Amino acid sequence: MRMDKPRTDGPIISGFSSGGFKVDDGVYHALLITPERADGWSPPPLADLSADDLAPLWVLDPPPEFVLIGTGAALVRPAPALVRAVEARGYGVEAMDSRAAARAWAVLRGEGRWIAAALYPFD
């Protein structure tokens with residue numbers, strides 16, 4: 001089946017496996033991604049995640065519409081304190097398991113949406 005590249009510039013998550021997320025020519029175990037760049041990430045345990053751990057996402061200009069948080073192999077609700085801290089910065093927060101988040105990233109960026117994401121590894 002032929003798959004055309006989405007109509008957008010910037011990094012696209014083109015696949016994922018237990019080893020991580022495939023973005024362009026790299027594979028990342030955990031990932032911080034914006035429309036401008038993709039970076040490997042060493043996240044804290046999800047329960048300890050703070051807005052400071054997401055600092056590279058806050059420099060995006062213009063600001064993202066929302067932050068997508070991929071919580072690993074299963075959906076785990078982020079701590080309410082994290083959600084409040086991110087919302088206090090003016091960003092929405094959407095959480096889902098990391099596979100769903102990777103697929104959502106590709107679809108939303110294909111639509112030209114300006115978002116940011118923090119994706120936890122699958123294991």
Side-chain angles (χ1 to χ4, degrees):
M1 171 191 227
R2 180 175 169 216
M3 294 187 64
D4 294 322
K5 183 173 179 171
R7 301 166 295 156
T8 189
D9 293 326
I12 294 294
I13 301 169
S14 59
F16 49 84
S17 68
S18 60
F21 305 93
K22 184 175 190 304
V23 179
D24 300 326
D25 293 328
V27 176
Y28 303 91
H29 188 64
L31 179 65
L32 288 178
I33 187 167
T34 72
E36 297 174 340
R37 61 184 296 143
D39 294 301
W41 183 42
S42 296
L46 184 60
D48 298 333
L49 182 64
S50 73
D52 291 340
D53 296 310
L54 304 174
L57 305 179
W58 310 143
V59 299
L60 191 60
D61 187 26
E65 296 175 44
F66 62 89
V67 176
L68 183 60
I69 299 178
T71 61
L75 170 62
V76 177
R77 298 282 176 210
L82 170 68
V83 174
R84 283 191 303 273
V86 173
E87 289 176 344
R89 292 175 175 272
Y91 305 95
V93 178
E94 294 293 332
M96 57 189 70
D97 70 76
S98 289
R99 282 184 170 78
R103 289 188 297 269
W105 174 268
V107 170
L108 292 167
R109 286 297 299 139
E111 295 173 353
R113 303 283 298 273
W114 194 256
I115 59 173
L119 306 180
Y120 272 79
F122 301 119
D123 52 12

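All values reported here derive from a predicted model rather than from experimental measurement.
Residues that satisfy the side chain to side chain donor-acceptor pair (under 3.5 Å) test with Ser50, not counting sequence neighbours, are Asp53.
The CG atom of Leu75 lies 8.5 Å from the CE atom of Met96; values are rounded to the nearest 0.5 Å.
Residue Trp114 comes nearest to Pro63 through the heavy atom pair CD1-O, 3.4 Å, listed as atom of the first residue, atom of the second, then distance. For Ala73 against Asp97, the heavy-atom pair with the smallest separation is O-CB, 3.9 Å. Nearest heavy-atom pair across Ala85 and Ala51 is CB-CB, 3.9 Å. When every heavy atom of Arg89 is checked against every heavy atom of Asp52, the shortest pair comes out as NH2-OD1, 4.2 Å. The shortest non-hydrogen separation linking Leu49 to Pro44 is CA-CG, 3.9 Å. The two residues Tyr91 and Val67 make their nearest non-hydrogen contact at CB-CG2, 4.3 Å.
For the pair Thr34 and Pro56, the minimum side-chain heavy-atom distance is 4.5 Å or more. Put simply, the side chain of Phe66 reaches to within 4.5 Å of the side chain of Ile115, judged on heavy atoms. Residues Phe122 and His29 have side chains not in contact (no heavy-atom distance under 4.5 Å, counting atoms from C-beta outward). Considering only heavy atoms from C-beta on, Ile69 comes within 4.5 Å of Leu82 through its side chain. By the 4.5 Å heavy-atom criterion applied to side chains, Ile33 and Trp41 are not counted as neighbours. In this structure, Ile13 and Leu31 have side chains that are in contact, with non-hydrogen atoms separated by less than 4.5 Å. Side-chain contact check for Val86 versus Trp58: some heavy-atom pair is nearer than 4.5 Å.
Taken together through direct or relayed side-chain contacts under 4.5 Å among Ile, Leu, Val, Met, Phe, Trp and Tyr, Leu57 and Val93 form part of one hydrophobic cluster. Under the 4.5 Å side-chain contact rule for hydrophobic residues, Trp105 and Phe21 share a cluster. The cluster map of Ile, Leu, Val, Met, Phe, Trp and Tyr, joined by side-chain heavy atoms under 4.5 Å apart, puts Tyr28 and Leu32 in different clusters.
Arg109 contributes a side-chain N or O that, together with a main-chain N or O of Asp9, makes up a donor-acceptor pair within less than 3.5 Å. For the pair Ser98 (side chain) and Ala101 (backbone), a donor-acceptor distance under 3.5 Å is absent.
Heavy atoms from other residues, nucleotides or ligands lying under 6.0 Å from CZ of Arg37 number 12 at most.
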